[in-house]
Amino acid sequence: MLATTVRGAAARFGDRAAVLAPDGRLTYAELEARSRAAAAGLRAAGVRQGDLVALVLPSGGDWAVAAVAVDRVGGVVAGVSPRLAAPERAALVDVLRPRLVLADPALVDGLPLRTAVATVAAGGRCAELATSGEGGGPDPDEPDDVLDDPGRPALVCCTSGTTGRPKGALFHVAQLQAVARIDLGDDAGERWDGGSPMLASTEFAHVGMVGKFPWYFRLGATLVVMERWRPDEALRLVAAHRMPVLGVVAPQLALMLRSPLADELDLSCVQTVIAGGAPSPPALVKEAVARLGCHYSIRYSSTESGGVGLATPLDADEHQATRTVGRPRPGVEARVVDDHGHPVGPDQVGELQLRSAATMVGYWNDPAATDAALDPEGWLRTGDLATVDRTGCVTLAGRRTEMFIRGGYTVFPAEVEAVLGEHPL
C-alpha cells in the first residue's frame with residue numbers, strides 16, 4: 001500500500017518535498033527512485049514477502065526511503081525508536097526477530113548477536129542497499145495486487161502496551177486502509193493532493209506517523225522533522241512553513257505557549273490544533289484557543305487502536321472541548337465496561353474499550369499478549385478507566401494502576417490535575 005501510494009504521489013507531486021529533515025530534503029520523485037533502488041538491495045539481501053525488517057534509524061528522509069523499499073518487496077516495516085537506550089533497542093529487536101535490521105552506524109551497539117544488520121549512513125538515502133544488488137538495475141516491484149492485498153502483513157509498531165513488556169502491534173494493509181478512511185473519509189482511496197507542511201511531533205516509528213504515511217503521501221504533505229524536539233524550533237518551523245494544522249501532544253503545546261516566541265512570531269497560519277497522546281488540561285485548551293485564535297480537537301487513541309479512536313469536534317461546547325476526549329470517530333466504536341466485561345451505566349467508571357477496522361491484528365509473535373488485549377469480539381482492552389455520559393462523550397479517569405482511595409473515596413489523578421491546572425496560582 002505504501003509503495004503503490006508513493007508511486008502515484010511521485011507522478012503527481014514530483015519535486016515537492018515529501019520530507020524536510022536534518023538529513024536533507026527529499027522530494028516525492030526522489031522517494032520513488034531511491035526506494036526502488038533500495039528495494040533491489042533488500043532482495044539481494046534475501047528479504048522476501050512477509051519478512052520483517054526493523055528500522056533503527058533517525059526520523060527523516062532515509063527512514064522514509066527504507067520504509068517504502070521494505071514495502072516494495074512485500075515486507076513488514078517495524079520502526080525502533082532511536083531515542084531508546086541500547087538495552088531497550090536490543091529488547092525490541094529480540095522480540096521482533098527481524099529478517100534484517102537497517103541501522104544508523106551509531107545505533108548498532110547492543111543489537112542481539114546473530115542479527116543480520118545493514119548500516120545506513122545519514123543522508124545517503126540507503127545508497128548502500130542500492131549498490132549491494134547484482135544485475136543491470138532494480139528488480140520490478142511486487143505486483144500491485146500483492147502489495148495492496150488487504151490481508152498482507154505490512155507494519156509493526158512497537159509498544160509497551162499495558163504491561164510494560166515490549167511488544168509489536170501488527171497491522172495488515174486492511175488496517176492501514178481503515179486508518180485512512182477514518183482520518184480522511186470513505187473516499188480516502190480516491191483522494192490526491194490537498195496536503196500541507198506538517199510538523200513531525202513524534203518519531204516516524206510511532207503509529208501516528210508511519211501508520212498514516214499512506215494518506216500523508218497521498219495528500220502530498222511535507223513532513224518537517226527536527227533532530228530533537230524543541231519548543232522554540234517547533235514554533236519557528238510552524239511560522240516559516242505556514243502550517244495550518246498543528247499536531248502535538250499536550251505537554252509539547254504547553255511548552256510552546258510558554259515560549260516568548262509564541263507572541264513574537266506570526267502564528268496566524270494555525271487554524272487547528274490536534275492534540276493527542278494524553279488528555280489536554282482544560283486551561284491549556286482555553287489558552288491555546290484564545291492566543292492562537294484556532295480550533296482545538298482532543299484525540300484519544302493508542303498504538304493498538306491504529307492511532308485512531310475518539311475526538312472532540314472543532315465546534316464542541318466548552319464542557320466537551322475541555323473536560324472530555326469526545327466521542328468515537330466515524331468507523332470507531334467505544335464502550336465502558338465493568339470487571340466482567342459488561343457495559344456500565346452513564347457516568348459510571350469502568351474500563352474504556354475500542355473496536356474498529358483499524359485495530360491491530362495482534363501482537364507480533366505474542367499470542368498470549370494478543371489474547372489479553374483483544375476479546376473474542378474484537379474489543380481492544382485499553383487499560384484506561386473512563387466514564388461515558390448520556391450524550392456519548394467519554395471522560396478519562398486514569399489508569400487502573402493510578403487510582404487511590406482517600407477517606408473512603410476513589411480518587412483519580414486526572415481529576416486532581418484538571419483542578420490544579422485552572423487554579424489562578
Where the side chain of Arg327 meets the backbone of Thr391, is there a donor-acceptor pair that is under 3.5 Å apart? yes

What residues form a salt bridge (Lys or Arg N to Asp or Glu O under 4.0 Å) with Arg152, not counting sequence neighbours? Asp71

Using the salt bridge (Lys or Arg N to Asp or Glu O under 4.0 Å) rule, collect all pairs that involve residues 252-263, keeping only residues at least two apart or in two chains. Asp263-Arg291

Do the side chain of Thr359 and the main chain of Arg355 share a donor and acceptor less than 3.5 angstrom apart? no

Between Asp193 and Arg16, is there a salt bridge with N-O shorter than 4.0 Å? yes

Is there a donor-acceptor pair under 3.5 Å between the side chain of Glu304 and the backbone N or O of Leu380? no

Pairwise side-chain contact, Arg236 with Leu265, heavy-atom cut-off 4.5 Å (strictly under): yes

Here the ring pair (Phe, Tyr, Trp, His ring centres under 6.0 Å) pairs for residues 217-240, sequence neighbours left out, are Tyr28-Phe217, Phe213-Phe217

Do any N or O atoms from the side chain of Trp364 and from the backbone of Leu170 form a donor-acceptor pair under 3.5 angstrom? no

Is there a donor-acceptor contact under 3.5 Å linking the side chains of Ser59 and Glu203? yes

Asp109 and Arg89 ion-paired at < 4.0 Å: no

Under the salt bridge (Lys or Arg N to Asp or Glu O under 4.0 Å) test, residues paired with Glu88 that sit two or more places apart: none

What pairs of residues pass the ring pair (Phe, Tyr, Trp, His ring centres under 6.0 Å) test when at least one of them lies in residues 315-356, not counting sequence neighbours? none

Check: Tyr296 and Leu284 side chains under 4.5 Å, non-hydrogen atoms: yes

Donor-acceptor pair, side chain of Ser196 and main chain of Met243, under 3.5 angstrom: no

Under 4.0 Å between a Lys/Arg side-chain N and an Asp/Glu carboxylate O for Glu233 and Arg228? no

With a 3.5 Å distance limit and no angle check, can you tell me whether Ser259 reaches the backbone of Asp232 through a side-chain donor-acceptor pair? no

Ignoring hydrogens and angles, tell me if any N or O in the side chain of Gln348 forms a donor-acceptor pair with the backbone of Gly345 under 3.5 Å. no

Salt-bridge present (Asp183, Arg218; N to O < 4.0 Å): no

Side chains of Ser301 and Arg299: is there a donor and an acceptor less than 3.5 Å apart? no

Salt bridge (Lys or Arg N to Asp or Glu O under 4.0 Å) partners of Arg125, counting only residues at least two apart: Asp23, Asp62

